[in-house]
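Written below as structure tokens is the structure these notes are about.
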There are 2 protein chains.
Amino acid sequence: MKSERISELITNRLSIYLRCLNEMAAAGEKTVSSERLAERFHLNSAQIRKDLANFGEFGTRGVGYYIDSLREHLTKILGLDKDHRICIVGSGRLGAALADYHGFRDSNFQIVALFDSDPEKIGRKIGDVEIFDIKNFSSVAKRDKIEVAVIAVPAEAAQAVLEKVTKAGIKAVMNFAPIPLKANDDVKVKTVDLTSSLESLSFFLAGGADQAVNGLKPNVKRRRKEYVVKNKR
Amino acid sequence: MKSERISELITNRLSIYLRCLNEMAAAGEKTVSSERLAERFHLNSAQIRKDLANFGEFGTRGVGYYIDSLREHLTKILGLDKDHRICIVGSGRLGAALADYHGFRDSNFQIVALFDSDPEKIGRKIGDVEIFDIKNFSSVAKRDKIEVAVIAVPAEAAQAVLEKVTKAGIKAVMNFAPIPLKANDDVKVKTVDLTSSLESLSFFLAGGADQAVNGLKPNVKRRRKEYVVKNKR
DNA sequence: TGATGTGAAGCGGTTCACAGCC
DNA sequence: GGCTGTGAACCGCTTCACATCA
């Protein structure tokens, strides 16, 4: 509830700002204005100022933001001053791919465990990450201090997995199953739906909005022309 | 421009509706009301009706939607009645993982080529997909009738790759590089930023909005209490 | 002067509520 | 009676515009 005061749109942008600031710091720059930052990602400068203003007054009028200081603030705000331990539930192709994708390795996110229900797989390793029995989720999660669960199981199993990890006290979940999940208020779920992302692209390729309302199928009747016109623009 | 009349939020939902309808059809159901569909994904029924109304009048008052008929319409609208050929640019860990992830195999999306700039990798295969020299992108893309490019290269290289595939006539791009890209108006780019998704979760774990405005750092001055209070709620 | 911080306006998406139709 | 299709209200995010301050 109160945790909804800051929207996900904002936190996503904070993450992007921080990445950019890190680059600038590496390039030896000292200060940056919201205007210049905005240019970097074709974005509005007022938005950047407003995003930052949610957390305090970090800027200096007439100057801009001191890069090092702002980096520190954002790092703390995003909780990136601490390490986070992740597990992946589901060691099928996607789960295995994610475990093997070292994209997070150099960050403070670390994949420390995999889970599966298939007895064939339990005990094996992918890279140097062991696959555990999902039945033991709670104890392994506690022992290994896991904070984030990545759901990479088929759609049918995803809701049950969410409930299982929730019971074990997990508060942050990244869901790759192509299905909307119902979670407790105190659990944050981010769904990444690759299939519907692709299908959105397909829609665009198929002619996108051009077919809307007008590219009608034979069995669709048309009345009320005035609405059609309104929708058009 | 006109292609922006239908938002991505809508197309994402259409994709989800279709998946649900397919399941229902498989279960032998014939009709469904927007209300019942809405329950399935904890969502508002008016929204479903409005989404569908963008494309015609598919429902029957007093009855609901005929599942088979609606499936056909949505399949056509999303362009899923045709096959789509995909390539992945970047055969590093992420690219290889995606190539090896068969999640799309049983759909009408097919991964037909990989591209890389590393001479070591060119000519090899991942699964049964060959890695080509990015220099030959244009000719390979034309020969293999590639419609969608997946960008899985480091952030620094992503914009250049986008420009290269755009020049080759690609109109739909899925970007995994953690950086916002600038594209032509007639090219659709979907960015999936796993890092900023994770960092959003980290924000939530770190206390989320609780730290906003109030969890202030020493060097942040506070004036104008009235705004603070306003922001608080 | 130059850039922040922010009220107010603008815009787009969601939800409500109900007229219209089966 | 039941459910769609949709104007109107609502809500939240974005952009504008400017007072404020180093």
Side-chain angles (χ1 to χ4, degrees), chain A residues 4-14 17 30-39 41-67 69-70 73 209 212-213 216 220-231 233, chain B residues 4-14 17 30-39 41-67 69-70 73 209 212-213 216 219-233:
Chain A
E4 285 328 293
R5 270 191 20 247
I6 301 293
S7 83
E8 230 167 86
L9 296 169
I10 295 178
T11 58
N12 275 326
R13 283 194 300 265
L14 293 182
Y17 301 157
K30 294 298 172 213
T31 68
V32 66
S33 69
S34 60
E35 193 59 58
R36 210 149 58 79
L37 207 45
E39 283 164 23
F41 8 77
H42 352 106
L43 200 139
N44 183 290
S45 66
Q47 180 156 72
I48 295 180
R49 295 198 297 278
K50 271 227 153 95
D51 285 346
L52 298 176
N54 282 300
F55 301 92
E57 300 187 357
F58 302 133
T60 306
R61 287 158 204 245
V63 177
Y65 299 90
Y66 289 96
I67 291 177
S69 148
L70 187 54
H73 281 122
V213 181
L216 291 172
V220 177
K221 348 80 189 174
R222 261 295 115 204
R223 303 146 310 165
R224 278 188 266 206
K225 293 244 170 60
E226 64 280 24
Y227 297 146
V228 177
V229 173
K230 250 201 220 150
N231 285 343
R233 41 172 327 261
Chain B
E4 287 327 295
R5 269 192 20 248
I6 300 294
S7 84
E8 231 166 85
L9 296 169
I10 294 178
T11 58
N12 275 325
R13 284 194 299 264
L14 293 182
Y17 301 158
K30 293 299 172 212
T31 67
V32 66
S33 69
S34 59
E35 193 59 57
R36 208 147 59 77
L37 208 44
E39 283 165 23
F41 8 77
H42 353 107
L43 201 138
N44 183 291
S45 67
Q47 180 155 72
I48 296 180
R49 296 197 296 279
K50 272 228 155 95
D51 284 347
L52 298 175
N54 282 299
F55 301 92
E57 300 187 358
F58 303 131
T60 307
R61 287 158 204 245
V63 176
Y65 299 89
Y66 288 97
I67 290 177
S69 150
L70 187 54
H73 282 123
V213 180
L216 291 171
N219 63 337
V220 177
K221 348 82 191 172
R222 265 292 116 209
R223 302 146 311 165
R224 278 189 265 207
K225 293 244 171 59
E226 65 278 23
Y227 298 144
V228 178
V229 173
K230 251 201 218 149
N231 285 343
K232 268 304 260 191
R233 40 173 329 257

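This structure is a prediction, so every number in the text was calculated from the model and none was measured. All chains are named by letter (A, B, ...) in the order of the sequence lines, taking the proteins before the strands, and each is independently numbered beginning at 1.
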May I ask you to say what B/L52 touches in the nucleic acid, namely base, sugar-phosphate or nothing, with a heavy-atom cut-off under 4.0 Å? nothing

With sequence neighbours left out, what residues match A/L9 under side-chain contact (heavy atoms from CB on, under 4.5 Å)? A/S7, A/R13

Polar side-chain contact B/R61-C/dG20 base: donor and acceptor under 3.5 Å: yes

Mind calculating the distance between CD1 (B/I6) and P (C/dT14) to the nearest angstrom? 12 Å

With a 4.0 Å cut-off on heavy atoms, is B/R13 in touch with a base, just the backbone sugar-phosphate, or nothing at all? sugar-phosphate

Quick one: label B/S34 by what it contacts on the DNA or RNA (base, sugar-phosphate, nothing), any heavy atom closer than 4.0 Å. sugar-phosphate

Can you tell which of D/dT4, D/dT6, C/dC16 lies closest to the side chain of B/Y65? D/dT4

Determine whether any donor atom in the side chain of B/R49 lies under 3.5 Å from an acceptor atom in the base of D/dT4, or the reverse, and answer yes or no. no

Please check if atom OH in A/Y66 has more than 12 non-hydrogen atoms from other residues, nucleotides or ligands closer than 6.0 Å. no

Residue B/E57, side-chain atoms from C-beta onward, closest of C/dG5, D/dG5, D/dT14: D/dG5

How would you label the contact of B/I10 with the nucleic acid (heavy atoms, under 4.0 Å): base, sugar-phosphate, or nothing? nothing

Distance criterion of 3.5 Å, no angle test: do you see the side chain of B/K50 paired donor-to-acceptor with the base of C/dT14? no

